[in-house]
Amino acid sequence: MGQVKRRLIYASILFVGTVVLDAVTKALAEAYLRDGPIFLGTDWLALRLAYNYGVAFSFLERIPYWALGAGAIVLLGVVLWNLRPLMQSASGATALALVAAGGISNAVDRLADGKVTDMISVWLWPVFNVADIAITVGVGLLLLVSRGGKKPSEAPAVDREGVGG
């Protein structure tokens with residue numbers, strides 16, 4: 001089996017696993033967090049039910065649904081355009097799977113009632129979910145992969161005596 005095919009299988013498993021984990025955690029949050037937060041050993045880390053009507057961290061909360069949909073279509077286009085180069089490395093395949101899974105998970109959640117379910121609360125940070133984590137890690141990897149692909153500028157040729165020429 002070729003390297004790209006193995007990466008495609010890996011990325012597919014990561015994608016499906018992330019989507020399932022996000023859906024399960026959102027369902028559990030809806031079922032168990034309605035009566036209030038659950039603190040996890042400290043007052044700065046909790047599971048807290050919250051809803052996001054915007055995009056990441058409630059940014060653009062008042063933007064119309066059609067604009068969010070158009071943004072999702074543009075994101076999908078960018079991912080598809082870069083599919084082949086991303087699949088050339090394990091980190092690219094991982095980044096692609098995580099960004100796509102997080103984006104689709106939150107989009108599907110939003111389709112039901114116009115909001116995304118969040119449940120992870122860390123100190124002063126806005127409440128987030130598994131899909132948000134996947135998107136953040138995936139974008140970070142994309143930045144690393146794109147930076148890693150840059151070639152250093154050509155150094156001037158050096159002759160036998162070490163003098164550039």
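These values consider heavy atoms only, across backbone and side chains, with no hydrogens, waters or symmetry-generated copies. Counting from 1, the numbers follow the sequence of the chain as shown.
- Listed here is the closest heavy atom pair of Ala11 and Ala93: CB-O, 3.7 Å.
- Transitive grouping of hydrophobic side chains (ILVMFWY, heavy atoms separated by less than 4.5 Å) brings Trp44 and Ile38 into a common cluster.
- There is a path of hydrophobic side-chain contacts, each under 4.5 Å, that joins Leu96 to Ile135.
- Of the charged side-chain nitrogens involved, at least one lies within less than 4.0 Å of a carboxylate oxygen, so that Glu30 and Arg34 count as a salt-bridged pair.
- A 4.5 Å side-chain heavy-atom check between Asn106 and Asn52 finds every atom pair outside the cut-off.
- Residues Phe15, Val16, Val19, Val20, Val24, Tyr32, Ile104, Val108 make up the rest of the hydrophobic cluster containing Leu28, defined by ILVMFWY side-chain heavy atoms closer than 4.5 Å, directly or through other members.
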Query raised in the report: Stepwise, does the side chain to side chain contact (heavy atoms under 4.5 Å, CB included) test hold for Leu33 with Arg48?
Result: CA-CA 6 Å; Leu33 298 176; Arg48 175 186 324 270; 5.9 Å; no
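- In this structure, Lys115 is not positioned above the aromatic face of Tyr53 in the sense of NZ or CZ being under 6.0 Å from the six-membered ring centre and within 45° of the axis.
- Side chain of Asp118 to main chain of Ala50: no donor-acceptor pair is present (N/O by atom type, distance under 3.5 Å, no hydrogens or angles).
- Under the side-chain contact (heavy atoms from CB on, under 4.5 Å) test applied with Val99, the options Val137, Leu141, Val139 reduce to a single match, Val139.
- Applying the side chain to side chain donor-acceptor pair (under 3.5 Å) test to every pair with at least one member in residues 6-19, sequence neighbours left out, gives these pairs: Gln3-Arg6, Tyr10-Thr94.
- Side-chain N or O atoms of Asn129 include one that pairs as donor or acceptor with a backbone N or O of Thr117 at under 3.5 Å.
- Counting heavy atoms from C-beta on, the side chains of Met119 and Leu49 never come closer than 4.5 Å.
- Minimum interatomic distance between Pro37 and Phe39 (heavy atoms only, all atoms of both residues): CG-CE1, 3.8 Å.
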Query - Pair Thr42-Leu45, side chain to side chain contact (heavy atoms under 4.5 Å, CB included): steps then yes or no - result: CA-CA 6 Å; Thr42 180; Leu45 180 62; 3.8 Å; yes
Report task. Check the pair Thr136, Leu98 against side chain to side chain contact (heavy atoms under 4.5 Å, CB included), reporting the backbone distance first and the verdict last. Result -> CA-CA 9 Å; Thr136 303; Leu98 290 173; over 6 Å; no
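- Scanning both residues, Thr25 and Val130, for their nearest heavy atoms gives OG1-CG2, 3.6 Å.
- The shortest side-chain heavy-atom distance between Tyr51 and Val116 does not fall under the 4.5 Å cut-off.
- Of all heavy-atom pairs between Asp22 and Ser105, the closest is OD2-CB, 3.2 Å.
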